[in-house]
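One structure is given below, encoded as structure tokens.
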Amino acid sequence: MSVAEEMRKLKERAMSCTDCDLHKTRTQVVFGEGNPEAKIVFVGEGPGENEDREGRPFVGRAGRLLNQVLEEIGLKREEVWITNVIKCRACTIDKDGRVKNRPPRVGEVNACKKWLDAELKLIKPTVIVCLGNPAANLLIHKGFKMLEERGRWFESSPYAPFIMATLHPAFVLRQKGEAFERARADLVNDLLEAKRKAESTDKRGGSQLTLF
Ligand code: SF4
């Protein structure tokens, strides 16, 4: 069975998952998308309102920024794999029926990590880029410090020879003025570095010159 076919079957199973309480409030499961044989995988925290509605990861404002940055460094969404730590929107509903995003709980992340684990084992990427602290805490190490460790390569992941973390596009969008420009530049530089690393390394971690 091809990797694409295996990924399709994995997604099919994930779409009906009820292994944590988030299934009660989601509109739909938001599985990863892109190239199932990608050399680069991006991992965010979880779907928000737009993603929950559309059933695709990174389609809101943060997703548009990610698309722009990928385009600036010469990558297309279809070439990479984009996914999240959890596949259903984590939210609270107040007594007036207003829905607000919240960070996923430890139990929810633990229940959901089997899907991310299976995605990454199928793809076998060369490079993983964690977008924001939650993904970095799960995939690099607990207590990840974005200020100090952003953009640094780690080689201890069972999923890929190289893994790093950078700013989540939603965090970049919350910055104002010069802070926004600095954060955006950091994001661009880190993603460019990730692209270079993937281009110069084969899937087993050795050097190669072939590009995408
Ligand atoms: S968040 Fe993950 S574990 Fe929880 S219901 Fe959704 S797919 Fe299943």
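Source: prediction; values computed, not measured. As the structure lists them, so they are numbered: ligands from 1, and atoms in each ligand from 1.
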Side chains of Asn50 and Arg53: any donor to acceptor distance under 3.5 Å?
yes
If the cut-off is 2.8 Å, does any N/O/S atom of Cys88 fall short of it from atom 6 (Fe) of ligand 1?
yes
Shortest protein heavy-atom distance from atom 8 (Fe) of ligand 1, along with the residue and atom involved:
Cys17 SG, 2.3 Å
Can you list the steps and then say if Lys195 with Glu199 is a salt bridge (charged side-chain N to carboxylate O under 4.0 Å, His left out)?
CA-CA 6 Å; Lys195 183 190 174 210; Glu199 284 175 345; 3.5 Å; yes
Considering the heavy atoms of Cys112, write down every atom of ligand 1 situated less than 4.0 Å from one of them.
1 (S), 2 (Fe), 3 (S), 7 (S)
Between Arg26 and ligand 1, which residue portion shows a heavy-atom distance shorter than 4.0 Å: side chain, backbone, both, or neither?
side chain
Just one of Leu191, Thr83, Ile128 clears the side chain to side chain contact (heavy atoms under 4.5 Å, CB included) bar with Phe42, so which one?
Leu191
For a quick check under 3.5 Å, do Gln28 and Arg89 share a side-chain donor-acceptor pair by atom type?
no
Out of Cys20, Pro47, Pro104, who gets a non-hydrogen atom closest to atom 4 (Fe) of ligand 1?
Cys20
A student checking ligand 1 against Trp115 at a 4.0 Å heavy-atom cut-off should list atoms 7 (S)
State whether the side chain of Asp96 and the backbone N or O of Arg98 hold a donor-acceptor pair below 3.5 Å, judged by distance alone.
no
